[in-house]
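In what follows, every heavy atom counts, from backbone to side chain, and hydrogens, waters and symmetry copies are set aside.
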Amino acid sequence: SGVLKICRMHIHILGICGTFMGGLAALAREAGHKVTGCDASVYPPMSDQLRALDIDLIEGYGAGQIDLKPDMFVVGNVVSRAKLADGRARYELMEAILNSGLPFTSGPEWLANHVLQGRHVLAVAGTHGKTTTTAMLTWILESAGLAPGFLVGGVPLNFDVSARLGAGKHFVIEADEYDTAFFDKRSKFIHYRPRTLILNNLEYDHADIFDDLAAIERQFQHLVRTVPSEGRVISNVAEAALQRVLGKGCWSESVLFGKDALENGFSASGEPDDFALLKDGQPVGQVSWSLSGVHNQLNALAAIAAAEHVGVAPCQAAQALATFQNVKRRMELRGVVPYTKSGLSGYVAVYDDFAHHPSAIRTTIDQRLARIGPLDPHGDPIPAEDGAVRRPATRLLADLSVSEAGTLAAVKNTSAPFLQYLDKVGLQLGSAIEVLDKVPFDNSLEIRINCERAVLVSAEVSRNLFVTE
């Protein structure tokens, strides 16, 4: 099967309720190990998921847990040698382990030795898009019948679990650059030894442990050094930081992806939700799926390039993405709520998204602005009061600059559909634009142009507004 055969052991995980350590616990249980663990806060949904796997959980880091006598303590990077105000150790269990000379290791090191060894590891690294790209790649391999193992920092909707051993020889892992543990300050991904490596992007992040971008680039260069000569390194051609990393040395096959990857890599032609897949500038497939945004288009290109390295044809990978369902908390529609404002009715769509880095937040908002529109609970178009049927997602057509007097001052980024819209409503420079009450969308305004209702969205809550079809 390609899965490493190992002797069963009892591991006790410190910081078990974190996303990575919870996934590691699930893999260990699936492999037949006895698993117990502790954390400062043990609560649903992670606590329920772990207990469902027959994992005993202890709240807190009491020193008495050494009496469990596990074969190995696996230490999460939440644990440190910090002290409380009264001088006591914050993590008394860790102090007891050290004082007693008991065996301990980090999560990434345990994973490398007991799960990843002997397998073809496909790792996805970068500041943004790791979880989504890892889920995409896993689904492509699953659709190709390769039955991969995986560890994802989220829950792929195609699998509904964040980790699985898998029956095949391949293992797909989200490769995080955060440090391994208080006793191992290397990035987690150094332990994974990938044969196929995706480098999505690289920006300054994790200011608590990295002084600057150069410090993160150094860790990425160390990662590249671990890829064998028969391996493949897949990188975003538009990311200057990644190209600096690779410029310091790359000993594996190098494949690019992105808009300008026309000679040695994968690029796209068309809208992010329906585009032609190009390899070395030549069409090799078509991706038509439910996701939107250029960032997801790039994620798809990277995943397809990685899948090709393990024998999945690009056209087959593109077809698999048609049934990809994304990841929980990645622009996940949680529900719709009806509302009435200023005599007009509609729906508020509530989305849940994990983005926290400024660039990721900007990308997520831009994606939503480009696709904004009313949805009913089933995603069907909602008839407006005038009988017209609005599409559930509308494309951004143009920027309108509105004067302080409330008249149209300028039109930018015009297109043929927008010009037709202007002609339809008789809008011209100097036309009065009535701005109605703010509706329950973030940064959204309802407007009426010559009695024609529309939704305008302001990216910065300014007088520069977007009009949609």
Side-chain angles (χ1 to χ4, degrees), residues 15 18-21 24 75-82 90-91 94 105-112 116 121-134 151-154 173-228 231-252 254 256-258 295 298-299 302 354-363:
T19 302
F20 173 80
M21 298 301 272
L24 183 149
V75 182
N77 65 4
V78 68
V79 177
S80 70
R81 303 295 300 278
R90 182 181 297 276
Y91 301 96
M94 192 67 239
T105 187
S106 68
E109 186 173 8
W110 190 92
L111 185 73
L116 302 183
V121 177
L122 300 95
V124 181
T127 308
H128 317 296
K130 291 187 294 293
T131 300
T132 303
T133 307
T134 304
L151 177 56
V152 187
I173 188 167
E174 180 173 334
D176 186 7
E177 69 271 21
Y178 206 80
D179 60 12
T180 298
F182 76 86
F183 50 85
D184 184 353
K185 306 312 288 182
R186 295 174 297 169
S187 291
K188 292 177 185 174
F189 54 40
I190 293 299
H191 297 272
Y192 301 155
R193 306 292 176 87
R195 297 185 67 84
T196 307
L197 173 63
I198 291 176
L199 302 176
N200 251 354
N201 39 62
L202 185 52
E203 291 188 63
Y204 183 55
D205 198 5
H206 306 306
D208 54 331
I209 62 170
F210 292 117
D211 292 333
D212 50 31
L213 179 57
I216 306 176
E217 290 180 11
R218 190 174 305 114
Q219 293 294 324
F220 273 72
Q221 174 58 26
H222 293 165
L223 173 62
V224 170
R225 291 178 184 181
T226 68
V227 182
R232 173 180 286 192
V233 176
I234 301 148
S235 64
N236 188 332
V237 67
E239 290 284 328
L242 291 180
Q243 300 314 313
R244 284 196 299 271
V245 167
L246 296 176
K248 294 177 181 178
C250 180
W251 298 266
S252 315
S254 177
L256 302 174
F257 69 92
H295 62 299
L298 291 172
N299 293 340
F354 184 74
H356 55 281
H357 187 284
S359 294
I361 294 171
R362 178 75 267 160
T363 298

Asker: Just how far is it from atom CH2 of Trp110 to atom CG of Leu116, taken to the nearest 0.5 Å?
Answerer: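 These two atoms lie 10.0 Å from each other.
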
Asker: Nearest 0.5 Å please: distance from the CG atom of Leu199 over to the CD1 atom of Ile234.
Answerer: 8.5 Å

Asker: In the structure I gave you, are the side-chain heavy atoms of Asn200 and Phe257 within less than 4.5 Å of one another anywhere?
Answerer: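 Counting from C-beta outward, Asn200 and Phe257 do come under 4.5 Å.
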
Asker: Nearest heavy-atom pair of Phe210 and Gln219: which atoms, and what distance?
Answerer: CE2-CG, 3.9 Å

Asker: Apply side-chain contact (heavy atoms from CB on, under 4.5 Å) to residues Leu213 and Leu202 and explain how you reach the verdict.
Answerer: CA-CA 8 Å; Leu213 179 57; Leu202 185 52; 4.1 Å; yes

Asker: Go through the steps to decide whether His191 and Asp184 satisfy the test side chain to side chain donor-acceptor pair (under 3.5 Å), and finish with yes or no.
Answerer: CA-CA 11 Å; His191 297 272; Asp184 184 353; 3.1 Å; yes

Asker: In chain order, what residues pass the side-chain hydrogen bond (donor to acceptor under 3.5 Å, both in side chains) check against Asn77, with sequence neighbours excluded?
Answerer: none

Asker: Quick check against the 3.5 Å criterion: does Ser106 have a side-chain atom that pairs as donor or acceptor with the backbone of Thr180?
Answerer: no

Asker: Would you mind listing every salt bridge (Lys or Arg N to Asp or Glu O under 4.0 Å) that reaches into residues 232-252, with sequence neighbours excluded?
Answerer: Glu217-Arg244, Arg232-Glu253, Arg232-Glu308

Asker: First locate atom CG of Leu122, then atom CZ of Arg195, and finally report the distance between them rounded to the nearest 0.5 Å.
Answerer: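 Between Leu122 CG and Arg195 CZ, I get 10.0 Å after rounding to 0.5 Å.
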
Asker: Heavy atoms only: give me the nearest Phe182-Val75 pair and the separation to one decimal.
Answerer: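 Where Phe182 meets Val75 most closely, the heavy atoms are CE2-CG1, 4.3 Å.
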
Asker: Any sub-3.5 Å donor-acceptor pair from Tyr192's side-chain atoms to Leu223's backbone N or O?
Answerer: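 Answer holds: no.
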
Asker: Let me confirm one number: the CG-OG1 distance from Leu298 to Thr133, rounded to the nearest 0.5 Å.
Answerer: 9.0 Å

Asker: Checking the side chain of Thr127 only, and the main-chain atoms of Glu203 only, is there a donor and an acceptor separated by less than 3.5 Å?
Answerer: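 Such a contact is found between Thr127 side chain and Glu203 backbone.
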
Asker: Is it the case that the side chain of Asn201 and the backbone of His128 share a donor-acceptor pair, with hydrogens and angles ignored and the cut-off at 3.5 Å?
Answerer: yes

Asker: Measuring only between side-chain heavy atoms, which start at C-beta, is Glu174 closer than 4.5 Å to Phe20?
Answerer: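 No - every pair of side-chain heavy atoms lies 4.5 Å or more apart.
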
Asker: How about Val121 and Arg193: do any of their side-chain heavy atoms sit closer than 4.5 Å?
Answerer: no

Asker: Does Asn236 offer a backbone N or O that forms a donor-acceptor pair with the side chain of Gln243 under 3.5 Å?
Answerer: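 Yes, the answer is positive, given that a donor and an acceptor are paired below the 3.5 Å cut-off.
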
Asker: Find the distance between CZ (Arg225) and CZ (Phe220) and round it off to the nearest 0.5 Å.
Answerer: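 CZ of Phe220 is found 14.5 Å from CZ of Arg225.
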
Asker: Who pairs with Thr226 by side-chain hydrogen bond (donor to acceptor under 3.5 Å, both in side chains), at least two apart in sequence or on another chain?
Answerer: none

Asker: If you look at every heavy atom in Pro228 and Pro194, which pair is closest and at what distance?
Answerer: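 Scanning both residues, the minimum pair turns out to be CD-O, 3.4 Å.
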
Asker: Going through the distances and angles, do Glu177 and Lys130 end up as a side-chain contact (heavy atoms from CB on, under 4.5 Å)?
Answerer: CA-CA 11 Å; Glu177 69 271 21; Lys130 291 187 294 293; 3.9 Å; yes

Asker: Looking at SG of Cys250 and CD of Gln221, how far apart are the two atoms once the value is rounded to the nearest 0.5 Å?
Answerer: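 Cys250 SG to Gln221 CD: 8.5 Å, rounded to 0.5 Å.
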
Asker: Do you know which two heavy atoms are closest between Ser80 and Tyr91, and how far apart they sit?
Answerer: O-CD1, 3.3 Å

Asker: Specify the closest pair of heavy atoms between Gly231 and Ser252, including all atoms of both residues, with the distance to one decimal.
Answerer: O-CB, 3.6 Å

Asker: In the structure I gave you, are the side-chain heavy atoms of Ser187 and Asp176 within less than 4.5 Å of one another anywhere?
Answerer: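 Sidechains of Asp176 and Ser187: no contact.
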
Asker: For the residue pair Gly258 and Val237, what are the closest heavy atoms and their distance?
Answerer: CA-CG1, 4.0 Å

